[in-house]
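Following: one structure in structure tokens, then a few remarks.
Below, chains carry the letters A, B, ... as their sequence lines are ordered, and counting in each starts from 1. Excluded from the calculations below are hydrogen atoms, water molecules and symmetry mates; all remaining heavy atoms, backbone and side chain alike, are included.
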Protein chains: 2
Amino acid sequence: MPNRQPTVRDVAQAAGVSAATVSRALSFPDKVSEATRIKVLRAVEETGYVVNQLARNLRRRTTSAIVVLVPNLGNQFFSHIIAGIESAASRAGYTVLVSDTRPPGGGEMLMDFVRNNRADGLISLDGNLPGSILSSASGGRGRPTLVFACEWHDGLGVPSVRFDNEGGAELAVEHLVSLGHSRIGHLLGPPGNVLTDARFAGYRRAMARHGLPVREDWILQGDFTLDSGVQAGREWLELAERPRAMFLANDEMAFGFISELHGKGVEVPRDLSVVAFDDIDIAERYIPALTTVRQPRHEIGEAAFATFLKAFNGATTELIRTLPATLIVRDSARPA
Amino acid sequence: MPNRQPTVRDVAQAAGVSAATVSRALSFPDKVSEATRIKVLRAVEETGYVVNQLARNLRRRTTSAIVVLVPNLGNQFFSHIIAGIESAASRAGYTVLVSDTRPPGGGEMLMDFVRNNRADGLISLDGNLPGSILSSASGGRGRPTLVFACEWHDGLGVPSVRFDNEGGAELAVEHLVSLGHSRIGHLLGPPGNVLTDARFAGYRRAMARHGLPVREDWILQGDFTLDSGVQAGREWLELAERPRAMFLANDEMAFGFISELHGKGVEVPRDLSVVAFDDIDIAERYIPALTTVRQPRHEIGEAAFATFLKAFNGATTELIRTLPATLIVRDSARPA
DNA sequence: ATGAAAGCGCTAACAC
DNA sequence: GTGTTAGCGCTTTCAT
């Protein structure tokens, strides 16, 4: 048994044909005669040959691999989106690699990964990519392909697939209003985030539609993390005058927020109605079960990959594709 | 501006040296004269050259990239382990790619990825790898490097870094006993999983030590998912005689379990004490806050990468490295 | 210390 | 339909 991996040449020799023919038989079976194909396939079996993608990619300048950039692998919300991407990708014969954008230098390394033809491009679930990535990937001649999913970045011509965040936020507030609430506060996501802005805009829009005041002191700052929800809970408890309902920009913060209140004897929904955003898996099993806005996560993943593939192949794509959100009514919000 | 990425040759020309020298200046700065190095570096700047890893790896037969296999990206538990791997890896100049083992054909594709020199090897957080991967990666001459973290696979000579699952389980049960409990049940993880077995063994050991009976009907079957926790909750509610305490094999199931009971008017810890395993982020903010066994997740990630690097470089490694677990006492278990 | 030349394994262009 | 040739971009002997 040879020490090294067999190469096309070994197969060629075993099959009694040329290396080029082996390559053709494997990549374009139609371009080769029935008989040769069989000979080659048999030789492949015999030798235990596996194509060296490295060499293939170096030649073809394409890799059938794609990198997904996630702002926070810890947030379970993303896993379903990744699953969606994966299922579309595997149908197309693509390998999906996931990477967190937060580790120091992580984004940079990944970008090099793509720039080096080790992956065909990126799907970013993080709208705040380092400028270096944005500039070198924003499409165009010979540039790596980039697509945003969930989040996005205004101004650049980068295609994005997103949820209707503003509409979802309106749904949340409308629900609260329909329950008889009028004193409604909001816990924001991180500053400078497109989702934060869109959800806040939806909140304001719905409030305005009903002539409800948006009180400065009822707008709390968060950053989508559990801890920031806890912190917001503390601030809420100190409020001179408290709202009777809160629309929280995501589920994770809601858990921190509700639990902090619970620790101080304030119960949701008894003392405060809460609607959140995302509908991650635990939302249904939190106590109280969370009323929240659901986004079709698997679908968006699939759509993102489809968009990526189109863009990579040079087809024109819709620049913005928006998927609808729906409200899931459970226990955390009740009549005023 | 040229249409294509600059190559070593472009840099060589700009610097007035040969391609070989450029390569040397970049890879082994010491092997080149001060003056040339400066010239080359300047030329690199000018041309905007970035090394093409693909070509480099094809030549060097090493990639500085590693793939991490995760059984379930949705379980937040893994994200901290990945973070640990990432921090150790980035210090070593490695790129970390994560992949879910569940998508159809996913494992296979990933293995090809490695077999093709597109990554140096794998760290698997999944003990139940397809046989094809195990056999082609189980180390040895020219074989891709594989290391297990958290989970493992007995029999093969694959190095693994793990938590003291059995000890952690004992801690959990001891705690319950110290609270005065004697009627203690257990919710298992998935069948055929090493963690399931180890945690169950720890449970039995602690029970035996105190002369407590292990009742068949108090051993429920789960699979580490939220849903299986819900299902177990239903079964628990139907029990003719109920235990007064439960040790659940992970947090995720605990959420499903506790919430299902809550829906039926059975409250934790009022009516039932619960201790779980993992201490994922939400555990502290669940209602009730979960008493659970914590594992040093970041550390295990770092240790796993260190082990990987050693193994990849041909050094001998401890075959089994075990990290201690600690009990985090919160609200979900109280005196009998 | 540097350059010339060979070659990693594969595929695309061209000839037959 | 198949073989020959060249070359993807890099690194690494081997000379000098």
Side-chain angles (χ1 to χ4, degrees), chain A residues 2-41 43-44 47-65 112-118 120 142, chain B residues 2-41 43-44 47-65 112-118 120 142:
Chain A
N3 197 354
R4 55 179 191 74
Q5 292 265 339
T7 76
V8 260
R9 252 176 302 259
D10 298 320
V11 179
Q13 189 167 6
V17 298
S18 79
T21 301
V22 173
S23 171
R24 276 190 287 257
L26 263 30
S27 296
F28 310 97
D30 310 340
K31 301 214 157 219
V32 102
S33 82
E34 175 78 24
T36 340
R37 197 183 330 146
I38 296 184
K39 270 195 298 184
V40 170
L41 260 29
V44 167
T47 53
Y49 171 79
V50 210
V51 64
N52 182 327
Q53 296 283 358
L54 215 63
R56 167 177 286 178
N57 297 340
L58 180 59
R59 201 55 244 248
R60 285 199 183 158
R61 310 173 141 277
T62 176
T63 67
S64 290
D112 280 346
F113 206 79
V114 175
R115 214 182 276 128
N116 287 298
N117 298 308
R118 297 213 275 168
D120 289 349
Chain B
N3 196 356
R4 55 181 190 75
Q5 293 265 339
T7 76
V8 259
R9 248 171 312 256
D10 298 321
V11 179
Q13 190 166 7
V17 299
S18 78
T21 301
V22 172
S23 172
R24 274 190 289 258
L26 263 30
S27 295
F28 310 97
D30 311 340
K31 302 214 158 221
V32 103
S33 83
E34 175 78 27
T36 341
R37 194 182 333 143
I38 296 184
K39 268 194 300 184
V40 170
L41 260 30
V44 167
T47 53
Y49 170 77
V50 210
V51 64
N52 181 328
Q53 295 286 356
L54 215 64
R56 165 178 285 179
N57 298 341
L58 179 59
R59 211 39 253 248
R60 285 199 181 159
R61 308 172 142 278
T62 177
T63 66
S64 291
D112 280 346
F113 206 79
V114 175
R115 214 183 277 127
N116 287 289
N117 300 309
R118 295 214 275 169
D120 289 349

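Atom CG in A/Asn57 sits about 12 Å away from atom P in C/dA12, given to the nearest Å. Summarising the geometry, the separation between NZ on A/Lys31 and C1' on C/dC14 is reported as 13 Å, rounded to the nearest angstrom. Taking atom CD of A/Gln13 as the reference point, atom P of D/dT4 lies 13 Å away to the nearest angstrom.
The list of salt bridge (charged side-chain N to carboxylate O under 4.0 Å, His left out) pairs with a residue in residues 6-16 of chain A, not counting sequence neighbours, reads A/Arg4-A/Asp10.
Looking at A/Thr36, its side chain never comes within 3.5 Å of a backbone N or O of A/Val32 through a donor-acceptor pair. Using modelled atom types, no side-chain atom of A/Asp120 and backbone atom of A/Thr62 make a donor-acceptor pair closer than 3.5 Å.
In this model, the phosphate group of C/dA1 is not approached by any side-chain N or O of B/Thr36 to a distance below 4.0 Å at OP1 or OP2.
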Readout for nucleotides 8-16 of chain D: B = base within 4.0 Å of protein heavy atom, S = sugar-phosphate only, - = neither; 5' to 3' it is BBBBBB---
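Side-chain atoms of B/Asn57 and B/Thr63 include no donor-acceptor pair closer than 3.5 Å. Inspection of the A/Arg60 and A/Ser27 side chains reveals an N or O donor paired with an N or O acceptor under 3.5 Å.
Looking at B/Val11 and B/Leu26, their side chains never come closer than 4.5 Å, going by heavy atoms from C-beta outward. In this structure, B/Val50 and B/Gln5 have side chains that are in contact, with non-hydrogen atoms separated by less than 4.5 Å.
The two residues B/Val8 and B/Tyr49 come nearest to each other via the heavy atoms N-CE1, 3.6 Å.
The end-to-end axis angle of the helix from C/dA1-D/dT16 to C/dC16-D/dG1, rounded to 10 degrees and based on five pairs per end, is 40°.
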